[in-house]
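Note that this is a predicted model, so its numbers are computed, not measured. Nothing fancy with the numbering, it's 1 onward along the sequence.
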Amino acid sequence: MPRMLRHGSSVGADLPPDEAVTVGAVTDPALRAALTAAAAGDAGPARELLAETRLGAQWERRSGCVSALAECALHNPGWLEGWLAAAPEDPDATLVKADLCIQQAWEIRTGHRASHVSEDQFRAFFTLLDDALPVIAAATELGPTDPVPWQVALTHARGIQAPREVFDAYWAEAVARSPHHYGCHATALQYLCAKWYGSHEEMFAFAERAADGALPGSQLNALPLLAAVEYEVVSDDSAQGGPIPEARVAAAITRAQELSAWYEPGDPDAAGFRNHLALMLILGERWSEALDTFRAIGVHAREFPWAYIGDSRKEFLEFRLGVRMQVASRTPFFSRPPQSAPAASAALPVPAPRSLAIAAAPPHQVAEAALMCGVSLRIAPAPSGASYVELVPDPSPGRRAALAGEELLTAAADNFTTAEKWPALVLRRTADRYSFTLFHKGKVRATHLWDPAAPVVDHAQAAATAQAVAGVFPVTDLRPLITLLRGGNDPARRQAELVTVLGLPPVPDGFGERDEILGDLPEARLLARRGVLKGIRDTMSTDLGTPALHVPRSRRWWTLRIVALVILVPAAVYGWLSPDVGWYRTLVPTAASLFYALQLRKAWARRR
């Protein structure tokens with residue numbers, strides 16, 4: 001524990017904050033534009049993007065684009081149907097339709113084990129897969145050199161419980177078009193794993209054979225790692241003495257580490273296998289190597305393998321924090337934690353998140369509550385007795401700030417709403433992604449992300465978020481709130497309208513465009529970071545912030561001090577005039593009288 005307390009703030013301090021981490025965010029600019037346009041009903045950018053990937057034989061990129069666009073069509077119907085109506089023989093539209101049919105079937109079945117899927121779900125699942133077969137056949141005919149339709153066919157074969165000869169036929173067609181296509185190999189690996197129609201040995205042999213024939217830097221070198229995760233995490237056969245030797249799993253990890261060295265830190269293309277690598281290193285208690293892998297991942301968390309354990313984003317962040325603490329606890333007390341090599345710039349720049357909190361309390365109450373939050377804040381009055389709060393960058397953040405994990409304003413809001421009756425809404429903007437987190441009494445009550453390139457949340461999830469918000473704010477009609485949550489287009493408008501629906505003051509001009517937007521407001525006050533002892537001492541002060549932030553006093557405050565003076569002043573006078581009272585007993589009422597008199601004088605002067 002002492003080692004953890006000493007080194008915990010410095011180990012992993014270079015990792016991106018929790019709030020910057022996304023799960024499966026689309027980083028391809030062209031794909032983001034296509035998804036955003038498709039959600040708005042325009043298929044044009046999607047048509048251009050898929051034509052580019054087909055004509056350029058960009059099969060790996062095409063595979064990811066088709067899957068993302070099919071998921072978009074699943075939640076935003078209309079644009080794909082219009083595209084197919086205008087061009088029924090278009091190979092790209094037909095391929096997206098084929099993938100969409102598969103996704104529709106799996107949405108009904110869910111990803112649960114068969115024992116947790118009802119008969120009605122299975123019946124609907126197989127019916128939709130039967131309907132998908134002619135669409136997949138059309139996609140393969142319209143794209144004779146394209147391996148991606150055969151990847152969809154392999155997924156279909158797994159769903160319909162196709163016999164091995166059907167799988168083998170599909171696999172032969174896929175590798176005939178692209179022998180080293182990672183997407184087809186990863187899909188085939190699922191068919192061959194023990195939980196579906198193969199075995200652990202067959203799965204590992206397939207993965208190792210593909211990796212042995214792959215070029216250096218090819219993601220096929222990560223296929224044995226995926227097999228190791230299936231064996232160690234998903235299956236129930238990985239106990240001591242299982243069918244796969246530990247040396248085989250260790251070799252898969254080593255091969256993935258060598259592959260990771262081919263990619264720049266923060267490269268989203270490597271994030272898929274790096275997330276699997278991080279989990280496997282954690283299971284092997286290789287903490288320092290796991291921490292370096294989290295550094296290489298950066299902000300690009302992925303749904304798997306963390307979804308095998310629980311909520312993907314939550315598990316990623318908790319495992320990452322656990323690795324930091326494990327490294328800290330193993331660092332000698334008087335030594336410095338090992339530092340990683342300076343990270344090269346990421347393949348794609350990650351925009352910095354900008355955040356602003358709206359607290360439903362006047363500035364002096366927010367300042368009093370935030371005295372010991374461990375960061376520097378700027379607080380400005382807002383309409384209706386509320387406050388705007390923003391983070392002020394600190395060149396030397398304290399230990400508590402380094403350990404916060406979350407984006408620092410979010411961590412501060414968590415702190416300063418504890419034991420308070422009023423809530424705080426933390427708004428964030430990162431490029432075209434907008435989000436909020438609602439805090440009340442130091443707990444997260446609701447959170448939501450608007451991402452134009454992400455699928456729209458379903459009605460049940462939006463309703464649950466709206467209900468949680470209504471538990472804090474007096475929202476009687478949930479329908480407008482649900483409508484705001486169930487959409488990704490025009491996120492700036494949706495975020496601004498959310499603030500209006502909740503009865504909070506409007507978002508200040510310039511939010512999201514630049515940092516420290518409250519600095520130009522004449523009534524803004526800086527609440528500098530304080531240590532614990534200074535924070536405790538300042539809770540007794542009537543002046544907070546720089547310039548001084550006056551704390552208005554209640555009628556009860558005035559009454560108590562006046563009554564105290566009425567009692568203490570006569571006692572002090574009597575003590576000084578009476579020879580029977582010692583001077584040391586007289587000093588107490590005298591000092592107390594002077595203290596309360598000065599407090600009243602100062603408060604009265606400010607009141608005037």
Tyr263 vs Phe273, test: ring-ring contact (aromatic ring centres under 6.0 Å, His included). Steps then yes/no. CA-CA 11 Å; Tyr263 292 83; Phe273 73 83; 5.8 Å; yes
In Å, rounded to the nearest 0.5 Å, how long is the span from NE2 of His276 to CD1 of Ile253? 12.5 Å
With sequence neighbours left out, the residues meeting salt bridge (Lys or Arg N to Asp or Glu O under 4.0 Å) with Glu141 are none
Below 30° counts as parallel, above 60° as perpendicular, anything between as tilted: where do the rings of His448 and Phe436 land? tilted
Between Trp171 and Tyr191, is the ring centroid distance below 6.0 Å? no
Cut-off 3.5 Å, side chains only: do Ser435 and Arg428 have a donor facing an acceptor? yes
Once you round to the nearest 0.5 Å, how far does CG of Leu49 lie from CG of Leu31? 6.0 Å
Contact check, side chains of Leu95 and Leu50, non-hydrogen atoms, under 4.5 Å: no
Could you please spell out the steps behind the side-chain contact (heavy atoms from CB on, under 4.5 Å) verdict for Tyr434 and Leu449? CA-CA 6 Å; Tyr434 290 58; Leu449 169 68; over 6 Å; no
Please list, chain by chain and in numerical order, all residues satisfying side-chain contact (heavy atoms from CB on, under 4.5 Å) with Ala37, sequence neighbours excluded. Asp42, Pro45
Ring-ring centroid check Phe319 Phe294, cutoff 6.0 Å: no
If you count every heavy atom of other residues, nucleotides or ligands that lies below 6.0 Å from Lys314 atom NZ, does the total exceed 12? no
Quiz question: by atom type and distance under 3.5 Å, do the side chains of Ser63 and Gln151 form a donor-acceptor pair? yes
How would you list, by chain and number, every residue that makes a side-chain contact (heavy atoms from CB on, under 4.5 Å) with Ala176, sequence neighbours excluded? none
Once side-chain contact (heavy atoms from CB on, under 4.5 Å) is applied, do any residues pair with Ala132, and if so which ones, sequence neighbours excluded? Cys101, Ile102, Ile136, His156
For Arg494, enumerate each residue passing the salt bridge (Lys or Arg N to Asp or Glu O under 4.0 Å) test, keeping only those at least two apart in sequence or located in another chain. none
Does any non-hydrogen side-chain atom of Arg354 lie less than 4.5 Å from one of Leu427? no
Just by distance, with hydrogens left out, do Arg274 and Ser260 show a side-chain donor and acceptor under 3.5 Å apart? yes
Working note: Trp79 + Cys72, criterion side-chain contact (heavy atoms from CB on, under 4.5 Å); need CA distance, chi angles, decisive distance, verdict. CA-CA 10 Å; Trp79 65 271; Cys72 178; 4.0 Å; yes
Exercise: do Gln103 and Glu71 side chains pair donor with acceptor under 3.5 Å: no
Rounded at 0.5 Å granularity, tell me how far OH in Tyr197 sits from CE in Met203. 15.5 Å
When rounded to the nearest 0.5 angstrom, what is the spacing between OG1 in Thr36 and CG in Asp490? 11.5 Å
Please tabulate, for side-chain N and O atoms in residues 217-227, each donor-acceptor pair with protein atoms closer than 3.5 Å (sequence neighbours left out).
| from | atom 1 | to | atom 2 | distance (Å) |
| --- | --- | --- | --- | --- |
| Ser218 | OG | Leu220 | N | 3.2 |
| Gln219 | NE2 | Asp269 | O | 2.7 |
| Asn221 | ND2 | Leu215 | O | 3.1 |
| Asn221 | ND2 | Ser218 | O | 2.9 |

Distance col, row Glu60:CD vs His181:NE2, nearest 0.5 angstrom, shows 4.0 Å
Run the numbers on Val21 and Ile297 for side-chain contact (heavy atoms from CB on, under 4.5 Å), then give the verdict. CA-CA 10 Å; Val21 173; Ile297 291 170; over 6 Å; no
Which of Arg47, Arg62, Lys97 passes salt bridge (charged side-chain N to carboxylate O under 4.0 Å, His left out) with Asp92? Answer is Arg62
Pick from Val152, Thr187, Leu154: which one makes a side chain to side chain contact (heavy atoms under 4.5 Å, CB included) with Tyr170? Leu154
Mind checking the OG1-CZ spacing from Thr145 to Arg177? Nearest 0.5 Å is all I need. 8.0 Å
His300 backbone acceptor or donor facing Asn275 side chain under 3.5 Å: yes
